[in-house]
Amino acid sequence: MCGLIGYSGDFQEDSLKAGLLAINHRGPDDSGVFFDNVYNIGLGHNRLSIQDLSPLGHQPMFSDDGKVVLVFNGEIYNFKDLRKELSDKGYQFKGNSDTEVLLNLYLAEGEKMLDSLNGIFAFAFFDSRSETIFIARDRFGVKPLYFSETKEGFSFSSEIKGLRHLVPGESDLDLESLNRYASFLWCPGEGTPLKNIRKLLPGEALSVKAGTIIRRWTWFALPIFRNVKANLSTADAIKGTAFHLKQAVERQLVSDVPVGAFLSGGLDSSAVVAMAKLRDPNISCFTIETLGGVDEGTTDDLPYARRAAEFLDVDLNVISIDSKKIADDIFDMVSQLDEPLADPAALNLRYISKLAKEQGITVLLSGAGGDDLFTGYRRHQAIDLEKYWRWMPKSIRQSVETITSMLDQRNTHFRKAAKFFNGSALTDDERLANFFVWSKRSDLLKLFSPELKNEFFKTEAALPMLDFLSPLSLDSKNALDKMLALEQRFFLTDHNLNYTDKMSMATSVEVRVPFLDNDLVEFAQKIPLGIKQKNGVGKWVLKKAMEDYLPNDIIYRPKTGFGAPLRRWMRVELRELLGDLLSVESVNRRGLFNANAIQELITANHEGKVDASYTLFSILCIEIWCRSFVD
């Protein structure tokens, strides 16, 4: 796992070197640069050595004739199979890295190579034969890649921190993206807080020549767009789920450095550890203890993590964190994330990754993706329940939404009811996208400054999701199937995988996600929805598949998130920070929000009249981000 940076155009070599230094945490083991002054090309790479620790894995890596250069971040899990196929065709290898396999695969197949890859990656080839840079990102965007087009040309990097050194003058805020961060707590789509810096989307590729994008295309589409039929029997679905998960974990254990695993005690991480234990009986596992308790309505993970570790007979390493530590690290969290993602769970992941690194573990297996493939979030159950009331006239649905929104939000059940019926009167696709919204549009607009409010009246925060669903809108796709597609394309990529990469790589640790293995993803799409979520039980088929590997009290435990007691923190531990960063003077100076409206919301939230902790945390993160990246 590594960090990369590059350009095509009129840039300074020293700027690339400075950008490479800014992302050194992604690969402290080695670094290298390449410059071609004939074609105005620059490539830089920081290496975290995992496959072939020798100098033969150094990057940038060159073809034998020097005409093709590669910088690569990620892991190719099927590289040994690809290496054998390439060797049979006469291609030569000097070392044992997956990078060298990737280079030879490009020489053999060109851009068509993408279909052969099972892995997580972002890479860039410079091919002097065609004078082009070929860039691609993996199917689910596990590895990030940002790019920019300016008058100087085209530039890219694994992180905004690196890219800012190549485009230091690009500081105009992307207001539409800020609206999305405030609405969702993260930003769906290609936008970032900076207007001229964008994300390459998952499963996308670019071809660049002379500083200009000459082609941009999607090389991977989710199975739902390919009409993969869900036709497996219950028995085959259960048996196949266990087989494909076991196969995925085995593939992702390949490494020349020690591999460990997250273990929250939830089904997904426990399932991954159970499969890993079959191959590596001594695998080390890691979890977190948040001192001070959890928010009302949530479940403490630690007892379940200990129960799973005991059952599986694996070492469980626990790091204990108190609220003061969290508060002290908020600034650092936002800076490392590159984006104002408002989820303190990101810090949990960083603390765990840091502990693993201190114990000599460079790779961690994660259970991310299980909910997104097999159902598991509360919103999936909510969709299943809609059949009981979606038939009602729009006016009645609107009344129900109004009534539930007026209930006392200090009560967990009332709060969930209000969220459940929020957007009841929306159209089908709008309703699906609305499940991801944390703040109602009407409430959020009050918080923006008059100038931004007028701007946002013209925009729809959920537009990337609605555009994504539009090819399916006239189809007979089930609402839950569409929701899973939204999870996989947006919530998983732009939220979960985004913070997982940034926070783990901040400690020079690579995180792998077995649930996103190519074959497992394709298999999951063949499972009927009625088996994924059965009688209101999410991940039913995965739970049945794991009955031979885990105890029932782990498989059928209450659902909880990998989160933190944010509601309490915003009223207690983070209250002083909130008052400082979102003071009237600070908000007016920034000019993005309505200072009086923010103060009223802080007061109402503190008094328990509303549940606005995440909305306020989102605005707090936007202010911190602006101080780190703009001021």
Side-chain angles (χ1 to χ4, degrees), residues 77 118 140 223-224 228-253 261-281 283 285 301 304-305 307-314 365-378 380-381 384 478 480-481 483-484 487-488 492 512-560 562:
Y77 301 125
N118 188 345
F140 286 92
I224 190 174
V228 175
K229 301 299 182 184
N231 54 10
L232 290 174
S233 68
T234 299
D236 287 343
I238 294 171
K239 181 179 179 181
T241 296
F243 170 80
H244 283 90
L245 179 58
K246 180 174 179 288
Q247 175 180 260
V249 171
E250 288 178 349
R251 285 172 174 165
Q252 297 192 21
L253 282 171
F262 293 97
L263 182 57
S264 68
L267 173 63
D268 300 337
S269 64
S270 300
V272 168
V273 172
M275 295 306 186
K277 168 80 175 179
L278 299 177
R279 284 291 302 271
D280 181 4
I283 190 166
C285 299
D301 272 335
Y304 292 98
R307 165 68 173 133
E310 179 184 17
F311 179 85
L312 294 171
D313 191 24
V314 295
L365 301 181
S366 166
D371 293 302
D372 311 88
L373 286 183
F374 293 100
T375 77
Y377 295 124
R378 291 191 184 99
H380 301 155
Q381 295 174 317
D384 193 43
N478 184 285
L480 182 55
D481 222 1
M483 175 59 90
L484 290 177
E487 304 281 10
Q488 294 162 23
L492 183 61
R512 299 177 177 179
V513 278
F515 276 104
L516 301 185
D517 172 81
N518 291 7
D519 293 334
L520 180 54
V521 169
E522 297 295 326
F523 179 82
Q525 190 64 27
K526 298 176 183 177
I527 300 174
L529 290 173
I531 302 176
K532 289 181 180 177
Q533 182 165 276
K534 187 172 184 178
N535 299 324
V537 177
K539 289 191 286 201
W540 184 87
V541 65
L542 179 60
K543 291 175 179 177
K544 298 299 290 185
M546 293 311 299
E547 285 183 349
D548 290 338
Y549 301 90
L550 293 169
N552 281 355
D553 54 341
I554 293 296
I555 295 174
Y556 296 99
R557 58 160 289 191
K559 170 69 177 173
T560 189
F562 185 45

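Since the structure is predicted, the reported quantities are computational estimates derived from the model, not experimental observations.
- Taking 4.5 Å as the limit, some side-chain heavy atom of Asp481 sits within range of a side-chain heavy atom of Leu529.
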Determine, step by step, whether Gln488 and Ile224 satisfy the side-chain contact (heavy atoms from CB on, under 4.5 Å) criterion, reporting the C-alpha distance in whole Å, the side-chain angles of both residues, the deciding distance to 0.1 Å, and the verdict. CA-CA 11 Å; Gln488 294 162 23; Ile224 190 174; over 6 Å; no
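- Inter-residue side-chain proximity for Met546 and Leu542 is flagged as met; some heavy-atom pair is nearer than 4.5 Å.
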- Is there a side-chain contact (heavy atoms from CB on, under 4.5 Å) between Leu492 and Phe140 once you walk through the steps? CA-CA 8 Å; Leu492 183 61; Phe140 286 92; 4.2 Å; yes
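- Counting only heavy atoms from C-beta outward, the side chains of Leu484 and Thr375 approach each other to under 4.5 Å.
- Side-chain atoms of Ile554 and Leu267, non-hydrogen and from C-beta on, never get closer than 4.5 Å to each other.
- Using modelled atom types, no side-chain atom of His244 and backbone atom of Thr241 make a donor-acceptor pair closer than 3.5 Å.
- A cation-pi arrangement is present between Arg557 and Tyr304 under the rule of less than 6.0 angstrom and at most 45 degrees off the ring axis.
- Shown here is Lys246, whose NZ atom has no more than 12 heavy atoms of other residues, nucleotides or ligands within 6.0 Å.
- Gln381 places a side-chain N or O within donor-acceptor distance of the main-chain N or O of Gly536, the cut-off being under 3.5 Å.
- Under the 30°/60° scheme for interplanar angles, the aromatic rings of Phe515 and Phe374 are found to stand perpendicular.
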| Step by step, would you call Gln525 with Leu373 a side-chain contact (heavy atoms from CB on, under 4.5 Å)? | CA-CA 8 Å; Gln525 190 64 27; Leu373 286 183; over 6 Å; no
Exercise. Determine, step by step, whether Glu522 and Lys526 satisfy the salt bridge (Lys or Arg N to Asp or Glu O under 4.0 Å) criterion, reporting the C-alpha distance in whole Å, the side-chain angles of both residues, the deciding distance to 0.1 Å, and the verdict.
Key: CA-CA 7 Å; Glu522 297 295 326; Lys526 298 176 183 177; over 6 Å; no
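- Between the side chain of Ser366 and the main chain of Val513, no donor-acceptor pair closer than 3.5 Å is present.
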Go through the steps for Val249 and Leu365 under the test side-chain contact (heavy atoms from CB on, under 4.5 Å), then give the verdict.
CA-CA 8 Å; Val249 171; Leu365 301 181; 4.2 Å; yes
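- At least one side-chain heavy atom of Trp540 sits less than 4.5 Å from a side-chain heavy atom of Ile238.
- Contact annotation: the side chain of Asp371 never approaches that of Glu487 to less than 4.5 Å [non-hydrogen atoms, C-beta and beyond].
- Of the possible donor and acceptor atoms, none in the side chain of Lys534 sits under 3.5 Å from a partner among the backbone N and O of Lys539.
- When side chains are defined from C-beta on, Asp517 does not count as touching Val521, because their heavy atoms never get closer than 4.5 Å.
- Atoms CG and OH, on Leu245 and Tyr549 in that order, are 9.0 Å from each other to the nearest 0.5 Å.
- Between Tyr556 and Lys543 there is a side-chain heavy-atom pair separated by less than 4.5 Å.
- No more than 12 heavy atoms of other residues, nucleotides or ligands sit less than 6.0 Å from atom CD of Glu310.
- Asn535 CG: 12 or fewer foreign heavy atoms inside a 6.0 Å radius.
- Residues Glu250 and Tyr77 have side chains that never bring a donor and an acceptor to within less than 3.5 angstrom of each other.
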